[in-house]
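Computed from a prediction, not measured in an experiment: that's the story for all the values here.
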Amino acid sequence: YEKGADAVMQDIVKPSNWLEEECCNLAQEGLRTLVFGYQHLSEAEYKDFDARLTAARCATEQRMDKVAAVQKSLEGSLELIGVTGVED
């Protein structure tokens, strides 16, 4: 599961005209948007991800870049769960 602002999440979830329209509607009401998405991983996919993430976290050089690259490998195809408007 992942959540974030619409500007970030529109590149992470699968394309959706509904999301863009709904975010515009919420913004017109003066609300900050929060988008939710998920991706189902098989056990093998999870184990592969976990191994790569552990290796990146244990790196002695460029640790933050390596962790970010592993995390980014799952992004781009998340299923859209929904969007909500939040008052500041």
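- Evaluation of the salt bridge (charged side-chain N to carboxylate O under 4.0 Å, His left out) test over residues 16-35, restricted to residues two or more places apart or in two chains, returns Arg32-Asp88.
- Side-chain contact between Leu26 and Asp6 is absent, with no heavy atoms from C-beta onward closer than 4.5 Å.
- The same ILVMFWY cluster, assembled from side-chain heavy atoms under 4.5 Å apart, contains both Val67 and Leu41.
- Closest non-hydrogen pair, Gly37 versus Met9, comes out as N-CE, 4.0 Å.
- Residue Met64 belongs to no hydrophobic cluster, having no ILVMFWY side-chain heavy atom closer than 4.5 Å to its own.
- For the salt bridge (charged side-chain N to carboxylate O under 4.0 Å, His left out) condition, the pairs that include at least one residue of residues 36-47, sequence neighbours left out, are Glu43-Lys47.
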Taking only distance into account, with no hydrogens and no angle test, what donor-acceptor pairs under 3.5 Å do side-chain atoms of residues 11-19 form with protein atoms, sequence neighbours excluded?
residue: Lys14; atom: NZ; partner: Glu79; partner atom: OE2; Å: 2.5
residue: Ser16; atom: OG; partner: Trp18; partner atom: N; Å: 3.3
residue: Ser16; atom: OG; partner: Leu19; partner atom: N; Å: 3.2

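- Looking at residues two or more places apart in sequence or on another chain, you find a side-chain contact (heavy atoms from CB on, under 4.5 Å) between Asp48 and Arg52.
- Linking ILVMFWY residues whenever their side-chain heavy atoms come closer than 4.5 Å, directly or via other members, leaves Leu78 and Ile81 in distinct clusters.
- Criterion: ILVMFWY side-chain heavy atoms under 4.5 Å apart, direct or through other members. Under it, Leu31 and Leu80 are part of a common hydrophobic cluster.
- Here salt bridge (charged side-chain N to carboxylate O under 4.0 Å, His left out) pairs that include residues 55-72, with residues two or more places apart or in two chains, are Lys72-Glu75.
- Hydrophobic clustering of Ile, Leu, Val, Met, Phe, Trp and Tyr side chains at less than 4.5 Å, counting indirect connections, unites Tyr1 with Leu34.
- Nearest approach of Val83 to Cys23, heavy atoms of both residues: CG2-SG, 4.0 Å.
- What you find for Thr84 and Phe36 is that their closest heavy atoms are CG2-CE1, 3.8 Å.
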